Amino acid sequence: MRLALALGRRHLGRTWPNPSVGAVIVAGPPGAERIVAQGVTQPGGRPHAERIALAEAGPAARGATLYVTLEPCSHHGRTAPCADAVIAAGIARVVSAMDDPDPRVAGRGHARLRAAGIAVTVGVLGEEARRDHRGHVARVIENRPALQLKLARTSDGFAAGGPDRLLITGPLANARVHLLRAHADAIMVGVGTLIADDPELTVRLPGLEGRSPLRVVLDSQLRTPPSARLLGDRRVPTLILAAEDAPEAAERSLAAAGAEVRRLPGAGRLALPAALAALARHGLTRIFCEGGPTLADALARDGLIDACLLITGARPLGMPGLPAVGPHLAALLASNGLRPAGEERVGPDLFTAYERS
């Protein structure tokens, strides 16, 4: 199962709107088992991991054990149910990490397997699987993608100070952030951060440039400049969420620059729950938010943060500045609504992870 989970993690960010599932088939007599096939959900969400593994195993699947990180599907979509394929292949036992909360499945896949005489075990490394599949869970249960927040701060707690962009973290920490980007469905910022920093929001690690996810900008009044750097590379799409009353001329300019503009109901500021619901309808399951302290605190206020990565640089700002952690996020951390999930030094910078309780 650990191998199946590792396989699934490889394609995180590449399989939306479907979850990235890992599957391993093991065959042989007790004490002499061997792995005969592996599978992972393919980019775009098809084929599913089980079908990849079953095709690789061929006749060796008969009488074998399938380890899979999520319950095999039992509904007809673009293809027939994976549960039916598992039965047809002659698998004797299925070990599944967790039930699929999708109401189209929700235990029916496991029930179908049991009805066909297959031994089914559920819950092996279930906590790890729920962490890996939290985007899928959030989308089908809460009608929004799972959101991981990233904030960088100086050693004295500030995210910005003065008119110039503040470079807080070192190259090793920056590379780690780019790796996290590569495993997200989308990178999200607010228009304030976009105007202040003019980021590219791409993955620039050697060999992973093709893993740059969708860029999402929350921009109620379409203040994004058409000359923004993230619009300079049309190979990576950009989605801008705006309010109904945003200027039409600005929308035309941004569309001409390569952005997709999607308007949400209401005037003035965007409602964050509605914005995330719109992203879920778009098919997104995992959002990596790099939007700065103002957006971070608003997300904390609305209870929309599933994981938080607080990166503390080695140097102080040494003067008054913009605090990285606002009052709502501070309260959430203090109440253990986001509980500590580990610390790690990456070069001189400290990574502190938190997860939703």
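Residues take their numbers from the sequence shown, with the count starting at 1. What you see is a predicted model; the values in this text were computed from it and never measured.
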Quiz item: Any luck finding a side-chain donor-acceptor pair between Asp100 and His133 under 3.5 Å?
Solution: no
Quiz item: Under the ring pair (Phe, Tyr, Trp, His ring centres under 6.0 Å) rule, what pairs show up with a residue in residues 289-311, not counting sequence neighbours?
Solution: none
Exercise. Measure the shortest side-chain to side-chain distance between Ile87 and Leu113 over non-hydrogen atoms and say whether it is less than 4.5 angstrom.
Key: yes
Exercise. Using only heavy-atom distances, determine whether the side chains of Asn18 and Thr41 contain a donor-acceptor pair under 3.5 Å.
Key: no
Quiz item: Which residues pass the salt bridge (charged side-chain N to carboxylate O under 4.0 Å, His left out) test with Glu260, sequence neighbours left out?
Solution: Arg262
Quiz item: Which residues, ordered by chain and number, are linked to Val236 in its hydrophobic cluster, where ILVMFWY side chains connect at heavy-atom gaps below 4.5 Å, directly or through other members?
Solution: none
Quiz item: Can Asp349 and Thr169 be counted as having a side-chain donor-acceptor contact under 3.5 angstrom?
Solution: no
Quiz item: Taking only residues two or more places apart in sequence or in another chain, which ones pass salt bridge (charged side-chain N to carboxylate O under 4.0 Å, His left out) with Asp99?
Solution: none
Quiz item: Can you list every salt bridge (charged side-chain N to carboxylate O under 4.0 Å, His left out) pair that touches residues 14-35, not counting sequence neighbours?
Solution: none
Practice problem: Check whether any side-chain heavy atom of Val216 lies under 4.5 Å from a side-chain heavy atom of Leu201, and answer yes or no. | Solution: no
Quiz item: With distance as the sole criterion, is a donor-acceptor pair present between the side chains of Thr285 and Asp185 under 3.5 Å?
Solution: yes
Practice problem: Show the numbers, then the answer: is there a side-chain contact (heavy atoms from CB on, under 4.5 Å) between Ile35 and Val24? | Solution: CA-CA 7 Å; Ile35 293 172; Val24 176; 4.0 Å; yes
Quiz item: Residues sharing Leu167's hydrophobic cluster, by side-chain heavy-atom contacts under 4.5 Å among ILVMFWY, directly or via others?
Solution: none
Exercise. Could you verify whether a donor N or O on one side chain and an acceptor N or O on the other, from Arg108 and His110, lie under 3.5 Å apart?
Key: no
